[in-house]
Amino acid sequence: AQKVTQAQTEISVVEKEDVTLDCVYETRDTTYYLFWYKQPPSGELVFLIRRNSFDEQNEISGRYSWNFQKSTSSFNFTITASQVVDSAVYFCALVRGNEKLTFGTGTRLTIIP
Amino acid sequence: DTGVSQNPRHKITKRGQNVTFRCDPISEHNRLYWYRQTLGQGPEFLTYFQNEAQLEKSRLLSDRFSAERPKGSFSTLEIQRTEQGDSAMYLCASSLARKDRKQETQYFGPGTRLLVL
């Protein structure tokens with residue numbers, strides 16, 4: 001069975017602060033993929049990043065960075081210099097092969113101007 | 001390149017009525033997924049298709065739910081005899097499954113928000 005845990009239900013930070021969203025996963029598979037999606041108030045899930053289990057390199061994309069650590073089964077997401085437009089619900093998800101995504105319960109991020 | 005589209009965006013219905021939702025995937029994508037999301041939760045898998053074949057159905061998909069993808073392009077999700085517990089956001093996603101089985105990203109549509117009164 002696969003499971004994704006996002007222990008932070010809600011986070012609020014003041015604009016320009018850095019914020020890290022935690023994601024811990026469980027799987028017995030050796031090959032799997034991890035994702036982060038953003039869900040703004042409009043409701044559409046926006047793809048942010050995909051990572052496979054064999055690539056533990058951290059990734060940076062503009063103000064966004066991701067820290068993947070297999071040793072702790074974590075795939076954390078950091079936003080640097082947060083902006084009001086970053087306010088959304090963020091979901092971490094896990095999948096193996098071409099099959100269904102298993103999502104966490106999401107973290108609601110509010111950036112206070 | 002257009003994204004995944006879903007219609008309608010909102011649906012209000014009375015308990016006991018039937019409803020049907022449509023999803024149009026990204027044109028070259030051969031896999032299509034349906035998920036359901038209730039308030040405060042992450043999306044939960046319902047079913048998926050590769051081309052016109054329905055490959056897996058979740059136990060969440062009761063007998064009142066049926067999904068089709070008749071020509072391997074758009075898909076419909078029908079709920080018969082709706083119940084208040086069916087109120088949720090229904091999300092569709094598509095991806096391109098490759099022969100090497102490397103995971104391809106699922107891209108989501110805007111969802112159909114269903115309210116059963």
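Predicted model, so just to flag it, every value in this text is computed and none were measured. These numbers come from the heavy atoms of this one structure, side chains and all, not from hydrogens, waters or symmetry mates. Here is how names work: the chains are called A, B, and so on, in the same order as the sequence lines, proteins then strands, and each is numbered from 1.
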Would you say [X] has more than 12 foreign heavy atoms packed within less than 6.0 Å of its [atom1]?
X	atom1	result
Arg15(B)	CZ	no
Leu39(B)	CG	no
Glu59(A)	CD	yes
Ile12(B)	CD1	no

Exercise. Mind checking what makes side-chain hydrogen bond (donor to acceptor under 3.5 Å, both in side chains) contact with Thr20(A), not counting sequence neighbours?
Worked result: Thr78(A)

For chain B, which residues of [range] have heavy atoms nearer than 4.5 angstrom:
range	result
residues 104-113 of chain A	Gly104(A), Thr105(A)
residues 37-49 of chain A	Tyr37(A), Gln39(A), Ser42(A), Gly43(A), Glu44(A), Leu45(A), Phe47(A)
residues 66-74 of chain A	none

Exercise. Tyr48(B) versus Glu99(A): any side-chain heavy-atom pair under 4.5 Å?
Worked result: yes

Exercise. Would you say the side chain of Leu101(A) lies within less than 4.5 Å of the side chain of Phe108(B), judging by non-hydrogen atoms?
Worked result: yes

Joint cluster assignment, [X] & [Y], ILVMFWY side-chain distance < 4.5 Å:
X	Y	value
Tyr35(B)	Leu114(B)	no
Val24(A)	Tyr90(A)	no
Leu77(B)	Phe45(B)	no

Problem set entry | Residue from Gln106(B), Glu56(B), Glu44(B) passing side-chain contact (heavy atoms from CB on, under 4.5 Å) with Lys100(A) | Glu56(B)

For this session: Select, from Gly40(B), Pro110(B), Pro43(B), the one with the greatest count of heavy-atom pairs under 4.5 Å involving chain A.
Result: Pro43(B)

Exercise. Chain A heavy atoms under 4.5 Å from Gln6(B): which part of the residue, side chain, backbone, both or neither?
Worked result: neither

Problem set entry | Proximal component of Leu91(B), with respect to chain A [non-hydrogen, under 4.5 Å] | side chain

